[in-house]
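Accompanying notes for the structure given below.
Labels below follow one simple rule: chain letters A, B, ... track the order of the sequence lines, proteins then strands, and each chain is numbered from 1.
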There are 2 protein chains.
Amino acid sequence: MATIYDVAKKAGVGIGTVSRALNDSPNISPETKEKVLRVVREMGYKPHALARGLARKRTGAIGAVVPFFTNYFFIELLKGIQNEVSRLGYDLVLFSADDVSRGEEILERIVRESRVDAVLYVSMPLSDKVLRRVQSLRVPVVLVDQFHPNADSIYVENHRAAYKATRFMIEQGYRRLGMINGQLRSRPARERQEGFLQAVREADLQVRLEWLVECDNLDGQDGFNAPAGYRAMRMLLELRERPEALFVASDVQAYGALRALREAGVRVPDDLALIGFDDIQTSELVGLTTVRQPMFEMGRLAVRRLGNRLKGSDDGLWHKALETELVIRQTCAGGRS
Amino acid sequence: MATIYDVAKKAGVGIGTVSRALNDSPNISPETKEKVLRVVREMGYKPHALARGLARKRTGAIGAVVPFFTNYFFIELLKGIQNEVSRLGYDLVLFSADDVSRGEEILERIVRESRVDAVLYVSMPLSDKVLRRVQSLRVPVVLVDQFHPNADSIYVENHRAAYKATRFMIEQGYRRLGMINGQLRSRPARERQEGFLQAVREADLQVRLEWLVECDNLDGQDGFNAPAGYRAMRMLLELRERPEALFVASDVQAYGALRALREAGVRVPDDLALIGFDDIQTSELVGLTTVRQPMFEMGRLAVRRLGNRLKGSDDGLWHKALETELVIRQTCAGGRS
DNA sequence: AGCGATTGTGGAAGGGCTTCCAGGGAAGCG
DNA sequence: CGCTTCCCTGGAAGCCCTTCCACAATCGCT
């Protein structure tokens with residue numbers, strides 16, 4: 001493997017000069033620079049990333065800690081993240097927390113080991129203790145799809161979104177409303193629940209606890225997956241009295257629920273209407289009425305924020321709440337039949 | 001930031017001893033080791049990844065070069081990859097080639113810069129020239145969903161899979177068969193086409209060229225995406241004579257096609273039957289008859305192979321062809337109506 | 001011509017680790 | 001008791017860069 005010394009020798013200059021040629025330093029004459037760069041090209045030389053990082057005290061990488069991504073929501077997010085990361089000239093290092101509780105461990109490790117210059121911490125809660133420790137190491141962190149008063153974060157207006165979706169169901173004439181939610185230890189899940197409940201209460205409708213299902217966590221993803229949605233729906237179907245319309249906390253859960261409904265021969269939306277949350281790519285085809293989150297945008301903006309922090313500008317706390325949009329398709333539309 | 005010197009001083013030992021304690025070296029007494037590790041724990045010290053990598057001549061990271069992943073196929077693959085990568089104790093660095101043609105550039109760069117210890121090169125062709133250069137740098141590479149005679153690779157039996165799917169359509173009584181394919185510069189696309197054609201010819205059916213649609217590349221993903229599938233279907237619908245059944249080269253394309261069909265009021269499978277390829281998560285819900293690729297498995301095995309190469313064992317060429325399975329659902333089933 | 005400023009350049013130092021080598025001390029052996 | 005052997009240990013060297021400092025050469029000015 002060629003090093004900077006080889007290049008220097010071959011070009012008949014010192015190593016400092018090679019470095020200057022490669023890093024667009026102003027302190028080098030155009031002729032020398034050209035001479036050096038020609039040799040560099042000839043040899044196909046590229047500086048060793050680790051050595052460079054060690055000397056510069058930066059890795060050139062941005063990390064993303066993500067709970068294991070079975071949920072396509074993370075993919076849409078990742079697209080936005082990847083897009084902006086490479087626009088900034090960084091590499092994206094992906095860390096998956098197969099268990100939500102291991103996220104903090106990963107976060108602290110990669111920061112302490114200086115594996116990345118900045119981190120996106122996605123969809124997982126962050127304790128005060130770990131947050132403080134990470135911040136003391138001066139590595140920028142942005143929480144995505146999550147909130148903490150002392151950390152930069154970006155998320156959608158979950159409460160409002162849930163409220164709007166629920167209002168819509170009510171306006172369509174549905175009165176017996178239920179909700180399939182993720183695990184309530186997830187903050188977005190709690191917020192969506194509150195928005196839902198607020199709308200229900202404001203409309204003077206009855207809140208039936210058995211229609212409020214918190215998905216199980218068998219698959220270790222806080223319930224945000226299709227099988228959990230399927231199981232939740234199965235439970236609901238066994239009740240003597242069923243709701244007329246359901247607000248489901250994510251599209252993938254709604255997919256599971258739809259499957260259970262189809263198996264049970266329940267017609268959608270005639271017998272039971274459904275609104276999801278996310279609007280992942282396939283939901284259009286499925287005809288799922290859902291709340292669209294700007295996932296790509298969320299990923300991009302989160303990384304952009306990291307970029308600003310890395311450039312040193314723009315200190316202080318940053319909280320960005322994004323708007324959602326109710327997308328009306330077939331699973332809840334056209335009013336109570 | 002604490003360094004190994006700080007730890008050594010605090011523990012009252014030399015830096016070599018700290019290093020030995022941290023790396024499970026046999027040349028250290030249990031008492032000293034315990035003493036050092038206690039200090040390490042107290043200080044929350046973690047070795048600097050770049051420095052460590054520089055000294056050890058390995059980065060601890062495995063790279064994956066992926067064409068921009070709008071296609072959920074890549075996600076299922078990524079899951080398998082991520083899974084095995086972390087099992088091996090490596091980090092996963094993700095590089096996305098927003099344009100298929102930029103893949104080689106990325107590959108060569110990250111290898112030359114020693115950013116990763118090994119690379120997965122996914123779903124993109126690799127030229128002899130670049131391959132040779134990369135191999136000369138002794139960085140293990142495995143091609144995924146792609147083939148090259150001189151490189152390790154893993155893929156599915158595309159030809160056979162397409163043949164089987166087409167046979168199935170024929171057995172169901174369909175005679176007027178067409179295909180919506182990705183760009184033919186993609187090897188899997190060509191193989192699937194050949195399998196399709198072989199089955200059609202063997203059954204003495206007519207091959208109608210206008211029923212063989214190669215998706216456009218407007219979105220820069222070799223046509224393997226829903227909008228391209230949508231457009232392809234629209235074209236087919238405009239023909240005076242339509243096929244009765246279509247083999248589609250990927251599920252996401254099939255989703256686009258289904259949307260076009262729904263908009264046009266064409267009933268599936270009654271007016272037109274459809275078989276996809278991949279079996280991504282959502283296809284069950286959609287009821288898409290499709291060819292299942294073991295995507296997770298493919299990712300895992302590819303990484304496992306890299307792991308073996310990294311351990312030094314197991315040289316020589318490795319080619320792994322995985323079996324597929326036809327999953328019969330609603331869009332093509334139950335015979336010609 | 002003489003002097004300070006300016007411009008380029010070489011290479012030492014330093015970044016934080018692993019590894020190797022030399023050597024101290026204890027243990028084993030005759 | 002003396003000498004080898006073995007076990008641990010400290011720290012220098014080296015991994016490959018960037019950056020800084022010192023200095024040579026050139027320039028512009030009086």
Nucleotide nearest [X] when distance is taken to its side chain, options [options]:
{"X": "A/Ala55", "options": "C/dT9, C/dG15, D/dC15", "value": "C/dG15"}
{"X": "B/Ala51", "options": "D/dG10, C/dC17, D/dC16", "value": "C/dC17"}
{"X": "A/Tyr45", "options": "D/dC17, C/dT9, D/dC15", "value": "D/dC17"}
{"X": "B/Asn23", "options": "D/dC16, C/dT18, D/dT18", "value": "C/dT18"}

Would you say [X] reaches [N]'s phosphate, i.e. side-chain N/O to OP1/OP2 under 4.0 Å?
{"X": "B/Ser19", "N": "C/dT18", "value": "yes"}
{"X": "A/Thr17", "N": "C/dT9", "value": "no"}
{"X": "A/Tyr5", "N": "C/dA12", "value": "no"}
{"X": "A/Thr32", "N": "C/dG8", "value": "no"}
{"X": "B/Asn27", "N": "D/dT9", "value": "no"}
{"X": "A/Ser29", "N": "C/dT9", "value": "yes"}

Base, sugar-phosphate or nothing for B/Leu54? Non-hydrogen atoms, less than 4.0 Å. base
When the distance from [atom1] of [X] to [atom2] of [N] is rounded to whole Å, what number comes out?
{"X": "A/Ile4", "N": "C/dT9", "atom1": "CD1", "atom2": "C1'", "answer": "14 Å"}
{"X": "B/Arg112", "N": "D/dC17", "atom1": "CZ", "atom2": "P", "answer": "13 Å"}
{"X": "A/Lys35", "N": "C/dG8", "atom1": "NZ", "atom2": "C1'", "answer": "12 Å"}
{"X": "A/Asp6", "N": "D/dC17", "atom1": "CG", "atom2": "P", "answer": "9 Å"}
{"X": "B/Leu22", "N": "C/dT18", "atom1": "CG", "atom2": "P", "answer": "7 Å"}
{"X": "B/Lys9", "N": "D/dG10", "atom1": "NZ", "atom2": "C1'", "answer": "15 Å"}
{"X": "A/Lys33", "N": "C/dT9", "atom1": "NZ", "atom2": "C1'", "answer": "15 Å"}
{"X": "B/Met1", "N": "C/dC17", "atom1": "CE", "atom2": "P", "answer": "9 Å"}

Donor-acceptor pair under 3.5 Å, B/Arg20 side chain vs D/dG10 base: yes
So which heavy atom on A/Met124 is nearest to which on A/Ala97, and how close? SD-CB, 4.0 Å
Quick check: does any side chain N or O of [X] sit under 3.5 Å from a backbone N or O of [Y], one acting as donor and the other as acceptor?
{"X": "A/Asp145", "Y": "A/Val122", "result": "no"}
{"X": "A/Asp152", "Y": "A/Trp318", "result": "yes"}
{"X": "B/Asp6", "Y": "B/Thr3", "result": "yes"}

Do A/Ser127 and A/Glu104 have side-chain atoms, one donor and one acceptor, less than 3.5 Å apart? yes
Side chains of B/Asp117 and B/Thr59 only: does a donor on one sit below 3.5 Å from an acceptor on the other? yes
Could you say whether A/His48 or B/Pro30 is positioned toward the 5' end of DNA chain D, judged by the nucleotide with the nearest heavy atom to each? B/Pro30
